[in-house]
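To start, the structure itself, in C-alpha cells.
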Amino acid sequence: MTSQLYISAAYNGARTISANAFFTPPYKVADVTLDKTSSALELMIMSSSPGIMDGDEHRSKIEVGKNSKVIIKSQAFQRLFPMQTGASYFTEIYLGQNADLQYIQKPIVP
C-alpha cells in the first residue's frame, strides 16, 4: 500500500494556521491546539494501520512557512512486521525563514 501525508502551515500575522493538509489511508491529521491564544499550531498524526507491512510505501511532506511555529505529534508507536521484499518510509521537511518545528515521530517497534 502507498500512503501519503502532506502538511503545510503558514503564519497569518497573529498565529500559525494549517494552510493545507492532504492524507490518504491509513493517515489522518487533527488540530489538537489547546491554547488558542498561542502562536503555535499543534497537530496530531493518527494512523489506523497496525504497522508497516511488506510492500508498504509511506511518504510524508511537511512545509512550515516563514515565522510559523508547528508542533507535530503522533498517537502511538509504529509496528514493523516481518517482510520478504521490504518497505519504505520517506519524510521531507521544509522550513521557512524563522520557522520553528517540533516533530516527535512515533517510535518504530520491530
Validation row: L101, L95 side chains within 4.5 angstrom (heavy atoms): yes
Could you work out, with side-chain contact (heavy atoms from CB on, under 4.5 Å) as the rule, every residue matching N12, not counting sequence neighbours? A14, R15, I17
Roughly how far, to the nearest 0.5 Å, is CG of L41 from CD1 of I72? 8.0 Å
Once rounded to the nearest 0.5 Å, what's the spacing between atom CD1 of I104 and atom NZ of K73? 6.5 Å
Counting C-beta onward and ignoring hydrogens, is there a side-chain heavy-atom pair between H58 and D56 closer than 4.5 Å? yes
Between the CG atom in D100 and the OG atom in S68, the distance rounded to the nearest 0.5 Å is 10.0 Å
Any side-chain heavy atom of F90 within less than 4.5 Å of one from K61? no
Are side-chain heavy atoms of Q97 and N67 found at a separation under 4.5 Å? no
Shortest non-hydrogen contact from P25 to S3? O-OG, 3.2 Å
Does N20 reach the side chain of Y6, with side-chain heavy atoms less than 4.5 Å apart? yes
In a table with atom names and distances, give each donor-acceptor pair under 3.5 Å that connects a side chain of residues 74-88 to protein atoms at least two apart or in another chain.
from, atom 1, to, atom 2, distance (Å)
S74, OG, K106, N, 3.2
Q75, OE1, S47, N, 3.1
T85, OG1, D54, OD1, 2.8

Any side-chain heavy-atom pair from M46 and Y27 closer than 4.5 angstrom? no
Rounding to 0.5 Å, atoms CD1 (I71) and CE (M44) come to a distance of 11.0 Å
For the hydrophobic clusters of this structure (ILVMFWY residues joined by side-chain heavy atoms under 4.5 Å, transitively), does one cluster hold both I93 and V70? yes
Side-chain touch V64/Y94, heavy atoms, less than 4.5 angstrom: no
Is the side chain of T24 donor-acceptor paired with the backbone N or O of Q4 at a distance under 3.5 Å, no angle test? yes
Measure the shortest side-chain to side-chain distance between T91 and Y103 over non-hydrogen atoms and say whether it is less than 4.5 angstrom. yes
Expected output: side-chain T16 to main-chain S39 donor-acceptor under 3.5 Å: yes
Quick one: pull up CD1 in I7 and CZ in F23 and give me the separation to the nearest 0.5 Å. 9.0 Å
Interatomic distance, OG1@T33 vs CG@L43, rounded to 0.5 Å, equals 6.5 Å
